[in-house]
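Hydrogens, waters and symmetry mates are skipped; everything else that's a heavy atom, side chains included, is used.
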Amino acid sequence: MDKMKEVLSGAIAALYSIEMTPEITEAPAETGADYATNVAMKLAKVAHKSPIQIAEELKSEVEKGEVEWTLSVAAPGFINIRMKDEYFAEGAKTLADGVALGIEHYAGKTVITEFSDPNPFKVLHVGHFYTSVVGDGISRLLELAGAKVIRANFGGDVGLHVAKTMYALEKKDCALDELEIEDIAKCYVEGTQAYEEDEAAKAEITALNKEIYRVNAEDDHEGELAQLYWRGRELSYEYFEDFYAKIGVKFDKYYPESMVAGRGLAEVRGHIGPVYEESEGAIVFRGEKMGLHTRVFINREGVPTYEAKDVGLIFTKWDDWHFDESIVVTGNEQAEYMKVVLASVNEYAPELVERTRHLTHGLVKLPGNVKMSSRKGNFLKAIDVLEMIREMLGGEKADERVVLAAIKYAFLKYKMGGDIVFDPQESVSTNGNSGVYLLYSAVRAKKILAKAGAGGDESGDLSIYERNLDKKLVAYQEVIAEAVVEKVPYKVCNYLYELAQEFSRFYENVKVAGSEREGELMQVVRAYLNVMEHGLGLLGIEIPDEM
């Protein structure tokens with residue numbers, strides 16, 4: 001498509017002395033063309049001619065050269081482009097030798113992607129599963145484009161949620177060697193309830209919060225509270241690592257809040273006056289002047305809030321990596337919060353804010369729109385999602401690659417921003433838009449290739465099914481380039497599903513093994529499998545040999 005744009009741009013310059021790169025899109029099926037452009041209509045005003053006349057002049061100019069397509073003009077001024085069969089066939093043949101996209105948008109750049117961000121002393125829920133998969137998918141796209149990607153994970157090992165958990169744990173008098181992550185999760189729910197309903201408990205938890213900051217800051221391992229805290233923290237990180245290993249996501253750096261809290265305190269206190277201000281014993285940032293709202297960065301007890309910790313994280317990440325770009329993936333509920341944090345930092349370190357991009361997503365819901373909350377304890381745990389899908393795919397006999405394909409694809413096929421409805425039945429479907437369907441299609445291609453050798457090497461005209469599959473294969477480069485620039489794995493999913501549908505039509509209508517054109521057709525199947533392996537790999541999905 002780049003060559004088409006180049007040729008049309010040259011024709012525009014030659015005829016009208018205007019520099020313009022035309023937009024080229026898929027042509028409607030009824031036109032019989034592959035692509036179309038409305039550039040003649042855009043030129044009409046500046047060239048002072050009718051769109052139809054301009055389209056005809058461009059067609060004549062382009063046809064002076066030797067090209068791989070034919071043009072036709074349609075009212076009110078569209079230029080339809082039909083590629084020669086050889087164009088798509090040669091493109092597919094190239095992919096049969098391997099996928100080499102040459103996408104270098106991020107070559108030489110360092111990008112830190114921060115995602116998942118679970119808090120120690122709490123259990124991973126389905127939302128953490130989702131953001132882990134999406135963050136990893138974005139990271140893979142950037143790596144493909146040449147970036148050095150650092151996957152980072154930020155979590156609250158200090159803070160009010162820890163104090164709530166510790167309050168309930170102390171009441172239970174748990175033995176350290178018997179403590180499990182599930183005990184910690186239950187205590188968080190109980191501690192939250194006590195904080196919200198009992199003023200005495202609230203005061204005790206507030207005091208605990210300050211004491212836990214001291215324990216962490218001083219690396220104090222003496223006393224029952226300190227020992228309980230450190231054991232709970234250790235269990236939490238072991239639990240996180242175990243889950244991430246199960247889903248094939250690896251982090252390069254963990255940033256506990258305690259690691260960045262001091263830096264955040266220093267930055268906020270160092271900019272009291274011009275940026276932050278004192279208010280009733282606390283330190284706040286007044287965001288109203290920027291159309292935002294006021295938030296507390298240091299509370300009355302002198303403890304840094306989430307806001308100050310995020311400030312510290314921004315500077316710590318910069319100190320560690322001197323990143324070209326920092327991508328932060330969170331839920332939509334953090335959108336306004338992050339605007340205030342970044343607006344405050346923009347007052348004294350605008351270069352870091354310019355390099356930071358905040359991407360948000362909606363809630364993960366089950367069919368029926370039941371809202372889940374870890375605070376109330378009525379949420380779907382991340383590990384439960386794995387177990388549920390594994391059971392639906394055969395229990396202990398299920399291939400873990402298929403289990404992960406079902407879940408990852410179900411998450412990644414959605415455009416980020418809105419809520420995600422995770423339908424377990426749909427995710428394991430062998431017919432619909434699912435990861436399992438894509439794996440079946442890829443495995444089918446493997447089986448066809450295994451039968452190679454019984455047919456001939458004759459050449460011949462392309463059937464409509466072969467041509468459509470070749471055309472879809474050739475589009476892979478452009479789709480991935482768009483996905484990289486926009487940081488959107490869902491475009492990869494959409495493409496792979498459409499590609500699998502084209503392959504299904506090809507499979508049903510074209511005999512490959514044993515045919516007179518077996519050699520050529522096997523190359524098409526090989527190109528299809530190569531693209532599927534490459535595309536699914538970008539989603540963190542591996543194709544098994546059998547299903």
Does a salt bridge link [X] with [Y], judged by any charged N lying under 4.0 Å from a carboxylate O?
X	Y	value
Glu542	Lys408	no
Lys186	Glu180	no
Lys487	Glu482	no
Glu336	Arg295	no
Arg390	Glu396	no
Arg140	Glu143	no
Asp183	Lys172	no

* Which heavy atom in Leu529 sits nearest to a heavy atom in Ala445, and how many Å separate them? ->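 Here Leu529 and Ala445 meet closest at CB-CB, 4.3 Å.
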
* Asked: Roughly how far, to the nearest 0.5 Å, is the CD atom of Glu533 from the CD1 atom of Ile541?
  -> 13.0 Å

Please indicate whether [X] has more than 12 foreign heavy atoms, meaning atoms of other residues, nucleotides or ligands, lying under 6.0 Å from its [atom1].
X	atom1	answer
Glu333	CD	yes
Glu222	CD	no
Glu278	CD	no
Glu387	CD	yes
Glu104	CD	no
Glu288	CD	yes
Glu391	CD	no
Arg300	CZ	no

Any cation-pi pair here, [X] with [Y], using under 6.0 Å and within 45°?
X	Y	answer
Lys202	Tyr195	yes
Lys491	Tyr495	no
Lys309	Tyr306	yes
Lys109	Tyr106	yes

* **CA sep, side-chain torsions, deciding dist, call: Phe121, His161, ring pair (Phe, Tyr, Trp, His ring centres under 6.0 Å)** => CA-CA 8 Å; Phe121 298 90; His161 72 282; 7.0 Å; no

Hey, does the side chain of [X] reach the backbone of [Y] with a donor-acceptor pair shorter than 3.5 angstrom?
X	Y	result
Asp252	Arg151	yes
Asp157	Pro120	no
His271	Val268	no
Thr131	Gly127	no

* To do: Anything under 30° is parallel, anything over 60° is perpendicular, the rest tilted; go ahead and classify Tyr237 against Phe240.
  => perpendicular

